[in-house]
Amino acid sequence: MTTEALERKPLRRLRSPIWSLRMAWELEKAAFRGQLEYRLNFVIMTFLGIAYQGSGFAFIWVVLRQFHTLDGWTFHDLAFLYSLRLLSHATWVVPFNLLSDIDMTLREGMFDQFLVRPLNPLLQVITHRFRMNVIGDVITAFALFVLAANMADVSFTVVHVVYLVLAVIGGALAEGAIILACASLSFRLLETWALRFLIDNVYLMFGSYPLRIFGAGISWSFTWLVPIAFVAYIPSSVLLKHASGLHVSPIIAWGAPAVGFIWFIASYQVWRWQLKHYQSSGH
Amino acid sequence: MTATTLPPGSSRALHRNLPAYAEIVRNRLKVSIAYRQNSLFLLAIVVVQIFILKKVWSALYATQSSVNGVDRHALLVYLTIANIQGWVLQDPTVSRYMYERVRQGLVAFDLVRPSGFIPQMFAQLMGSTLSSMMFVLPALPIIYFAGTLGAPASWSAAGGYAISLVCGYVITMMLTLIIGLIAFWTTEIFGLTMLYRLVSQFFAGALVPLSFFPGGLRILAESLPFQSTVYVPVAIYVGRLSGLEMARAIIVQLAWIAGLSFAAWAMWRRALFRVVVQGG
């Protein structure tokens, strides 16, 4: 073994994905502990997260008390759909919430540090701090999901549970893929927060209702051009036995979780490609 | 009394400082033009929301043409106008601007200016309202297709709407001012402004008209000032509130203006002392 090979060995260990993820986990924990120091802010932000995600649910509740069904979906069905989308959303924002700060990270030159450290820059972007309002998202998501899963007529066989877990992860990636691709544009455009806010809202608003009510054109677009249907509408249709009303075949409906994975892999390539266009702000 | 010692609130001072306020309004407009990309995306969210509401409510009305005495067309006009109006009149960034001034100590400069602090903030609000209007007017054709636009129910509805809208705007200004004044006491206001936006949007009836609220929630909504900002004017517009009911609703609005003005005034007097403490 040459000396060169000996010196390279620890570096290779450094770059292994498992090591990277462990490192990212440690950084995330440190960021979380850091934020816990601001107790009052933690309480306010958590409460805000609950109010933000709960207000959409309040709308469905108030309206369905009056009308009983929305395009054949009962309040219980809609609650399940809404909470499944929220669960996917929470699964995405807990690790990746700091992508919403990317404009600032780039503008203030913090990204220069990330490039010289031996860890994937994306992992550093998402772990350098922690935004506490996502805890509110998680609390609301779990509370509503437990409530809705009890109310709605969902069968929880092993197959269904496996499908549900994969669908939540796939849904998280289906939302994340678009946000990540948009955040990648910040390397060139410098400011994309309003666009990401719009995307976030489009996912929230279109993703929380049976997509069918918006018409065939929108259903098609938000299935094949932007993967909103795969976040919660298609999986909850399968689990609630509404699949016959879907605009896609049962094979695609059952394969829904895979779509999110494919989108995310493609989106990560966009990120790596746009990364090359990074210009330091001059620190 | 010389001109320089006029108290900021007096009418002569107000008149003399008009050019200064006009300048604040103009600056606000310039800022929103400079960041037009962001303003357009934020407007797009409102348009998407109007579209979603139209589709969801149309699906709900699929089997009925009238629910609770509200027919489908009137409801869709209500929702469209309520959401545009809510977006034009309300700007949470002004509360946040006040908070930033206080936090960074810049409020000291605002206070020593001959134009009063409160009128300065009102000028900020008017500037943001004008800039929102500037974006909404060219977007009206898109909003027409995304939602449903229609004329007021009658001439008296149009007149009532104009009066009620002005009252609603003053109430919105007072609420924004009160939220902003809280910055003098707390060190953090971001969560509060977001929360205010969510709560006020829901209780103002921008998503569901108050007449659809179930019993207890409706009593709560009617005892809060938010309904006077959106629900009352737009319900008058579509003819839901007319005659005596309309007059009563406008009187309630005037009462809110009086109550909130007093609350803002009382807070402002105390806030001034807080500034002295912080500066000392």
Side-chain angles (χ1 to χ4, degrees), chain A residues 38 40-73 78 103 131-133 136 182 189-215 218, chain B residues 34-64 67-68 70 75 79 146 186-203 205-218 221:
Chain A
Y38 305 95
L40 182 66
N41 201 38
F42 170 71
V43 174
I44 292 173
M45 291 311 267
T46 305
F47 194 64
L48 177 66
I50 294 172
Y52 186 76
Q53 301 297 353
S55 65
F57 190 75
F59 170 71
I60 294 177
W61 176 71
V62 168
V63 165
L64 266 289
R65 271 181 62 96
Q66 188 79 234
F67 290 90
H68 308 298
T69 65
L70 173 67
D71 196 30
W73 289 55
L78 288 169
D103 300 348
R131 281 164 71 108
M132 276 305 181
N133 52 335
C182 171
L189 303 177
L190 293 177
E191 197 166 89
T192 56
W193 69 265
L195 178 59
R196 269 174 287 120
F197 192 54
L198 172 64
I199 295 173
D200 200 68
N201 271 278
V202 166
Y203 266 83
L204 166 70
M205 295 192 283
F206 284 102
S208 304
Y209 299 101
L211 203 55
R212 213 171 61 168
I213 63 170
F214 302 114
I218 285 188
Chain B
Y35 292 95
R36 56 189 171 276
Q37 200 188 354
N38 289 343
S39 304
L40 284 176
F41 285 132
L42 295 178
L43 177 60
I45 292 177
V46 181
V47 175
V48 170
Q49 173 151 318
I50 288 171
F51 175 75
I52 300 259
L53 286 169
K54 179 187 178 179
K55 289 292 178 183
V56 170
W57 281 95
S58 296
L60 289 167
Y61 265 73
T63 51
Q64 299 127 296
V67 180
N68 269 1
V70 184
L75 178 81
L79 290 168
T186 59
T187 50
E188 173 58 51
I189 198 178
F190 172 75
L192 193 70
T193 53
M194 281 290 284
L195 204 62
Y196 164 69
R197 205 169 68 89
L198 289 169
V199 170
S200 65
Q201 181 181 313
F202 187 78
F203 283 107
L207 309 174
V208 186
L210 256 64
S211 42
F212 284 93
F213 279 22
L217 202 62
R218 183 162 181 186

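Just so you know, these numbers come straight off a predicted model, no measurement behind them. A, B, ... follow the sequence lines: proteins, then strands. Residue 1 opens every chain.
A pairwise comparison of heavy atoms in Lys55(B) and Phe214(A) identifies CB-CD2, 3.4 Å as the closest pair. For the residue pair Phe197(A) and Arg197(B), the shortest heavy atom distance occurs at CZ-NH2, 4.2 Å. For Ile45(B) against Met205(A), the heavy-atom pair with the smallest separation is O-CE, 3.9 Å.
Between Val63(A) and Leu60(B) there is a side-chain heavy-atom pair separated by less than 4.5 Å. Counting heavy atoms from C-beta on, the side chains of Phe59(A) and Leu53(B) come closer than 4.5 Å.
Heavy atoms closer than 4.5 Å to chain B are found nowhere in Trp73(A), neither backbone nor side chain. Looking at Val56(B), the atoms closer than 4.5 Å to chain A (heavy atoms on both sides) sit in the backbone and in the side chain alike. Contacts of Leu198(B) with chain A are made by side-chain atoms alone, with heavy-atom separations under 4.5 Å and no backbone atom involved. Contacts of Phe213(B) with chain A are made by both backbone and side-chain atoms, with heavy-atom separations under 4.5 Å. With a 4.5 Å cut-off on non-hydrogen atoms, Leu40(B) does not touch chain A at all. In this structure, chain A has no heavy atom under 4.5 Å from any part of Gln201(B). Contact of Tyr209(A) with chain B is made through the side chain alone, with heavy-atom distances under 4.5 Å. In this structure, the portions of Ile52(B) lying under 4.5 Å from any heavy atom of chain A include both its backbone and its side chain. For a residue to count as touching a neighbouring chain, one of its non-hydrogen atoms must lie under 4.5 Å from one of that chain's; by this rule Leu43(B) does not touch chain A.
Ring geometry, Phe67(A) versus Tyr61(B): the interplanar angle falls from 30° to 60°, so the pair is classed tilted.
Here Ser58(B) pairs with Lys54(B), Arg72(B), Leu76(B) under the side-chain contact (heavy atoms from CB on, under 4.5 Å) rule; sequence neighbours left out. Listed by chain and residue number, Leu198(A) satisfy the side-chain contact (heavy atoms from CB on, under 4.5 Å) test with Ala44(B) (two or more places apart in sequence, or in another chain).
Most heavy-atom pairs under 4.5 Å with chain A, from the set Ala62(B), Ser39(B), Ala59(B), Pro214(B): that is Pro214(B).
Rounded to the nearest 0.5 angstrom, Phe212(B) CZ and Arg65(A) CZ are separated by 13.5 Å.
No more than 12 heavy atoms of other residues, nucleotides or ligands lie within 6.0 Å of CZ in Phe47(A), so this atom counts as exposed by the packing criterion.
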